[in-house]
Amino acid sequence: MFTFEIGHKYYDTSACDHNCVFTIEIVKRTAKTVTFLRNGKERRTKLFCDERGEYIIPDHYSMAPVFRAEYEVQPEEAPAAVEEPAAAPSVEDAAPSKVITISQPADNGTVIVMVGQRVERNCGACFPLESGTVAGFVTVPDGLVIRGGVFALVRWDNAPNHPERVRLSDIHRHGWRSAGGSPLGVFVR
């Protein structure tokens, strides 16, 4: 189980813009509270715990960041020494892969997304569950509005001629819940 440690830094991204990152540094802690530094101010808040580990909700507004102990800021590594270029891999070594593995610490495991795999989407009240099939993958560069990354192209059963891009990190195992307990999202079957 992940726990907050004194002197360590933790992060969360904005609900509206994943390029906006909030960070805190733990100053001290007790069994029920955590004192942290954020924007140069020292504050104390109640500590919560669930199956994923400890977390805090320092502010109380609709899109307030939720800092989880599993999202620790990793120290930057020094650049490695310049090495001689390795020999080019042979054709036998470069087998094309249609399996992409996404490690999701929130799931305490790994989700494997493959071409031809069935997925389902839960959009919430008044919307029926939608089923679809992963048709392929596409890499999208960073843009002005959208953050780039690897996306799965999903052909939903109700609109098979219009594949939709779904970020691989947004595809979860069945039964996954968000920090607030919401069951909404895209899930592998």
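These numbers come from the heavy atoms of this one structure, side chains and all, not from hydrogens, waters or symmetry mates.
- A heavy-atom distance below 4.5 Å is found between the side chains of Arg52 and Glu70.
- Residues passing the side-chain contact (heavy atoms from CB on, under 4.5 Å) test with Val21 are Tyr11, Thr13, Thr23, sequence neighbours excluded.
- Taking all atoms of both residues into account, the shortest heavy-atom contact from Pro58 to Arg43 is O-NH2, 2.8 Å.
- For Phe36, there are no ring pair (Phe, Tyr, Trp, His ring centres under 6.0 Å) partners at least two apart in sequence or on another chain.
- Residues satisfying the ring pair (Phe, Tyr, Trp, His ring centres under 6.0 Å) test with Tyr55, not counting sequence neighbours, are Phe48.
- Residues Val119 and Val154 meet the side-chain proximity criterion, which asks for heavy atoms closer than 4.5 Å.
- In terms of heavy-atom proximity, Cys16 sits nearest to Met63 at SG-SD, 3.2 Å.
- Considering only residues two or more places apart in sequence or on other chains, Pro160 meets the side-chain contact (heavy atoms from CB on, under 4.5 Å) condition with none of them.
- The hydrophobic clustering, which links ILVMFWY residues whose side-chain heavy atoms are closer than 4.5 Å, places Val166 and Val150 together.
- The shortest side-chain heavy-atom distance between Asp50 and Arg68 falls under the 4.5 Å cut-off.
- Across all their heavy atoms, Lys9 and Glu72 have their closest contact at O-CG, 3.3 Å.
- Side chains of Val34 and Ile26 form a contact here, defined as non-hydrogen atoms less than 4.5 Å apart.
- Here Arg155 contributes atom CZ and His162 contributes atom NE2; the two are 10.0 Å apart, rounded to the nearest 0.5 Å.
- Rounded to the nearest 0.5 angstrom, Asp170 CG and Trp176 CH2 are separated by 8.0 Å.
- Heavy atoms of other residues, nucleotides or ligands lying less than 6.0 angstrom from NE2 of His174 number more than 12.
- Hydrophobic clustering places Val115 together with Val188 (ILVMFWY residues linked when any side-chain heavy atoms are closer than 4.5 Å, directly or through intermediates).
- Note: the hydrophobic cluster containing Phe67 also contains Ile6 (ILVMFWY, side chain heavy atoms under 4.5 Å, direct or indirect links).
- There is a path of hydrophobic side-chain contacts, each under 4.5 Å, that joins Phe22 to Ile56.
- Checked against side chain to side chain donor-acceptor pair (under 3.5 Å), Glu54 has the following partners two or more places apart in sequence or in another chain: Arg29.
- Taking every heavy atom of both residues into account, Met1 and Cys49 meet most closely at SD-SG, 3.5 Å.
- Here the side chains of Phe187 and Asn122 are in contact, with some heavy-atom distance below 4.5 Å.
- Every pair passing salt bridge (charged side-chain N to carboxylate O under 4.0 Å, His left out) that includes a residue from residues 30-39 is listed here, sequence neighbours excluded: Arg38-Asp59.
- Residues that satisfy the ring pair (Phe, Tyr, Trp, His ring centres under 6.0 Å) test with Tyr10, not counting sequence neighbours, are Phe4.
- Counting Ile, Leu, Val, Met, Phe, Trp and Tyr side chains that sit under 4.5 Å apart, directly or through other members, Val27 shares a hydrophobic cluster with Leu37.
- Scored by the side-chain contact (heavy atoms from CB on, under 4.5 Å) test, Arg44 finds Thr33, Thr35 as partners (sequence neighbours excluded).
- Sorted by first and then second residue, the salt bridge (charged side-chain N to carboxylate O under 4.0 Å, His left out) pairs involving residues 112-131 (not counting sequence neighbours) are Arg118-Asp157, Glu120-Arg189, Arg121-Glu130, Arg121-Glu164.
- Scanning both residues, Pro65 and Asp12, for their nearest heavy atoms gives CA-OD2, 3.2 Å.
- Hydrophobic clustering, with ILVMFWY side chains joined whenever heavy atoms are under 4.5 angstrom apart, groups Val113 together with Trp156.
- Although no hydrogens or angles enter the test, the distance criterion places no donor-acceptor pair under 3.5 Å between the side chain of Thr133 and the main chain of Ala135.
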